[in-house]
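All remarks here apply to the structure that follows.
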Amino acid sequence: MAAHRKSAHRKPKQRPFTGPAARTAATLALAGAATATSATGAGAAPAEPAPTAAQVRAKVDRLYHDAEVATEKYNGAKEKEAAATKAVDALADEAARRTDRLNTARHTLGSMATAQYRTGTLDPAVQLALSSDPDSYLERAAHLDRAGDRQASLLSNIRRQLSGIARVKARADQETEALAARRAELDKHRTAIRTKLADARTLLATLTAAERAAYERSADAAHGGSPATSADGSTARPDRAVTGAHADRSAPRASVAAPNSRAARAVSFAHGAIGKPYVWGATGPNAFDCSGLTQAAWKAAGVSLPRTTYTQINAGQRVSRSELAPGDLVFFYSGISHVGLYIGGGQMIHAPRPGAPVRIAPVSQMPFAGATRVA
């Protein structure tokens, strides 16, 4: 009896898992181990290392250069947009003038028709001209020979007016389509500029204060000027701009004489712009981008330059680097995306980049692409 109770309380012998049960248990065990490993971080993928200060500075420089390329494209698109707007406005004015002349001719013909009606001699050609369906009138213009000399002249004039207005309206439609395309292109380049400058600001914000100050010093050394303002992508703070102007103007002016009075006036204007902020798309008088500065300098000398770097390089006689004289335009980078005004002694005045005011800098600071003598 005691033996029976002892065997009744004995635990049943557990059998080892085999087959599918064994595989399920193994899977669960492995999953648990993986979870535990993940929880302890032992199996986590290593985090991507943050870019170094040098890498950030290099990328910021590329973004500024790309923004300047986009700025010159923006300037070119803006010039074309302005021309298209002018063309559309001119065509609208022409259509209005032609319509006024047409109405005058019709009024004269109407007066003649009234007189003929009173006398019962309304000419069939006059009836056609006064029809509410001008197309029908044009198709049946053969009736003109029925009219008298004066009437025939008036009717021919009306026909020419109608055809001319139709041509003007067709041209206006084409120019309006072109204008819409130019404005879309303008918006695309404007967005590209703002995006690149915003990216540059975001990258600069990842640097420590000391690293950012070092970047500004190195950038200013490369651009031959005093410390720049914050790289905010639009304007320079007035106090820092004044500091930059003072530092740059303290540099000796080139001893090389300008080849003519116009070049001298252009150089003088550029000296007067030193310290003014870089703003993309600006042509003065309070701010400039690079091609806006050179255009304004030569405008002060009585010479009209095109708006962009890649058109300004063809605005005069090409000269070699060894032949440079004050007033020459000097261009940089393979895409002709930057320009300065040569002042002699290997120096130029230019608008460098957002946050850096107009200043004197060595021509050797950037990849030289060519030079043009304007006058």
Side-chain angles (χ1 to χ4, degrees), residues 63-97 167-198 233-235 266 269 273 277-318 329-341 350-354 358 369-372 374-375:
L63 286 168
Y64 278 142
H65 177 257
D66 291 346
E68 188 165 45
V69 172
T71 294
E72 290 306 309
K73 291 179 179 178
Y74 168 87
N75 291 337
K78 188 172 181 61
E79 197 171 41
K80 292 175 183 176
E81 188 262 354
T85 299
K86 186 177 180 180
V88 169
D89 291 343
L91 288 170
D93 290 342
E94 183 180 354
R97 289 193 301 270
R167 288 194 299 271
V168 169
K169 287 183 177 179
R171 285 163 49 204
D173 288 342
Q174 292 175 349
E175 290 295 339
T176 299
E177 290 180 5
L179 177 58
R182 298 304 183 196
R183 286 176 173 167
E185 184 182 6
L186 201 62
D187 288 341
K188 181 185 73 173
H189 294 313
R190 183 188 291 114
T191 299
I193 295 166
R194 289 174 174 168
T195 299
K196 292 180 187 302
L197 294 180
S234 57
T235 60
F269 179 95
Y278 178 106
V279 174
W280 59 269
T283 58
N286 299 316
F288 302 91
D289 62 20
C290 68
S291 57
L293 173 63
T294 51
Q295 184 187 52
W298 274 101
K299 182 179 180 180
V303 177
S304 178
L305 288 183
R307 178 64 182 91
T308 64
T309 52
Y310 48 84
T311 52
Q312 287 183 5
I313 196 170
N314 297 316
Q317 176 188 354
R318 295 288 185 92
L329 304 178
V330 283
F331 299 89
F332 304 92
Y333 300 104
S334 59
I336 319 297
S337 59
H338 191 75
V339 63
L341 188 76
H350 74 144
R353 61 174 176 82
V358 176
T372 294
V374 178

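Because the structure is a prediction, the values reported are computed rather than measured.
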May I ask you to decide whether [X] forms a salt bridge with [Y], counting only side-chain N to carboxylate O separations under 4.0 Å?
X: E79; Y: R307; value: no
X: D89; Y: K86; value: no
X: E94; Y: R97; value: no

Spatial distance of atom [atom1] ([X]) from atom [atom2] ([Y]) [nearest 0.5 Å]:
X: L197; Y: D66; atom1: CG; atom2: CG; result: 10.5 Å
X: K78; Y: T283; atom1: NZ; atom2: OG1; result: 9.5 Å
X: T71; Y: Y64; atom1: OG1; atom2: OH; result: 12.0 Å

Please examine the side chains of [Y] and [X], heavy atoms only from C-beta on, and report whether any two atoms are closer than 4.5 Å.
X: F288; Y: Y278; result: no
X: E81; Y: L179; result: yes
X: R183; Y: T85; result: yes
X: V303; Y: K299; result: no
X: W298; Y: L293; result: no

* Side chain E72, main chain S337, donor-acceptor under 3.5 Å ->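 Between the backbone of S337 and the side chain of E72 there is no qualifying donor-acceptor contact (under 3.5 Å).
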
* Asked: Are the side chain of R353 and the backbone of E68 linked by a donor-acceptor contact shorter than 3.5 Å?
  ->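 Checking the backbone N and O of E68 against the side chain of R353, no donor-acceptor pair under 3.5 Å is found.
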
* For the pair L305 and V374, evaluate side-chain contact (heavy atoms from CB on, under 4.5 Å) and give the outcome as yes or no after the intermediate values. => CA-CA 9 Å; L305 288 183; V374 178; 3.8 Å; yes

* S291 and Q312: side-chain hydrogen bond (donor to acceptor under 3.5 Å, both in side chains), yes or no, with the steps? -> CA-CA 8 Å; S291 57; Q312 287 183 5; 4.7 Å; no

* **Stepwise side-chain contact (heavy atoms from CB on, under 4.5 Å) check, L186 with R190** => CA-CA 6 Å; L186 201 62; R190 183 188 291 114; 3.9 Å; yes

* Contacts of type salt bridge (Lys or Arg N to Asp or Glu O under 4.0 Å), residue E175, not counting sequence neighbours -> none

* Asked: Are L341 and L329 close enough, and set up right, to give a side-chain contact (heavy atoms from CB on, under 4.5 Å), and what steps lead you there?
  -> CA-CA 5 Å; L341 188 76; L329 304 178; 3.8 Å; yes

* side-chain contact (heavy atoms from CB on, under 4.5 Å) between I313 and R318: does it pass, once the steps are laid out? -> CA-CA 8 Å; I313 196 170; R318 295 288 185 92; 3.7 Å; yes

* To do: Test N75 against every option in D289, T309, T311 by the side-chain contact (heavy atoms from CB on, under 4.5 Å) rule and name the one that passes.
  => D289

* Kindly assign one of parallel, tilted or perpendicular to the pair F332 and H338, based on the angle between their ring planes and the thresholds 30° and 60°. =>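 F332 and H338: tilted rings.
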
